Amino acid sequence: MEPADLYPDDLVYAHEASAATGVPEPVIRKWASRGKISRYKGDPRQYSGHGHEYKTMYALPEIQERAAQYRPTPQRARAA
């Protein structure tokens, strides 16, 4: 059985997780690439043939847990 079948309401795409938590999508993807959160394969029936390229899903409870400690880093201005 797939995780998407077990927890259909907990698995979301990066843009949905970003909207729910306020954490930018690149940060969510970086957490996943560093192994801090899990990635799950999306349901092909949901994205194939509809023009969507959303194939990776994330567990919203994991992201919400990390988002509680997330503080955006101020960006430095580039020297001209």
Side-chain angles (χ1 to χ4, degrees):
M1 186 165 268
E2 295 291 320
D5 297 332
L6 294 173
Y7 308 105
D9 297 333
D10 291 339
L11 294 181
V12 294
Y13 297 108
H15 71 279
E16 296 169 329
S18 179
T21 61
V23 177
E25 290 181 50
V27 173
I28 293 170
R29 289 189 192 98
K30 188 174 286 190
W31 287 346
S33 69
R34 292 180 178 173
K36 295 180 179 184
I37 59 173
S38 301
R39 286 186 237 204
Y40 300 95
K41 189 174 182 178
D43 184 3
R45 294 172 291 187
Q46 290 181 342
Y47 59 78
S48 63
H50 298 289
H52 297 288
E53 292 299 323
Y54 307 117
K55 298 176 183 166
T56 305
M57 299 185 86
Y58 305 92
L60 187 57
E62 275 186 318
I63 295 171
Q64 289 171 330
E65 185 178 313
R66 290 201 61 82
Q69 290 90 28
Y70 173 72
R71 300 289 174 258
T73 305
Q75 300 299 311
R76 292 185 232 160
R78 291 187 177 185

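What you see is a predicted model, and the numbers here were worked out from it, not measured in a lab. Residue numbers count from 1 along this sequence.
When all heavy atoms of Ala14 and Ile28 are compared, the pair lying nearest together is O-CD1, 4.0 Å.
The backbone N or O of Ser18 lies less than 3.5 Å from no partner atom in the side chain of Glu25, so there is not a single donor-acceptor pair.
Hydrophobic clustering (side-chain heavy atoms under 4.5 Å, transitive across Ile, Leu, Val, Met, Phe, Trp, Tyr) keeps Ile37 apart from Tyr40. With hydrophobic clusters built from ILVMFWY side chains whose heavy atoms lie under 4.5 angstrom apart, Tyr13 shares a cluster with Leu11.
Residues satisfying the side-chain contact (heavy atoms from CB on, under 4.5 Å) criterion with Arg34, sequence neighbours excluded, are Lys30, Lys36. Residues passing the side-chain contact (heavy atoms from CB on, under 4.5 Å) test with Thr21 are Val23, Leu60, Ile63, Gln64, Ala67, sequence neighbours excluded.
Side chains of Tyr58 and Arg29 form a contact here, defined as non-hydrogen atoms less than 4.5 Å apart.
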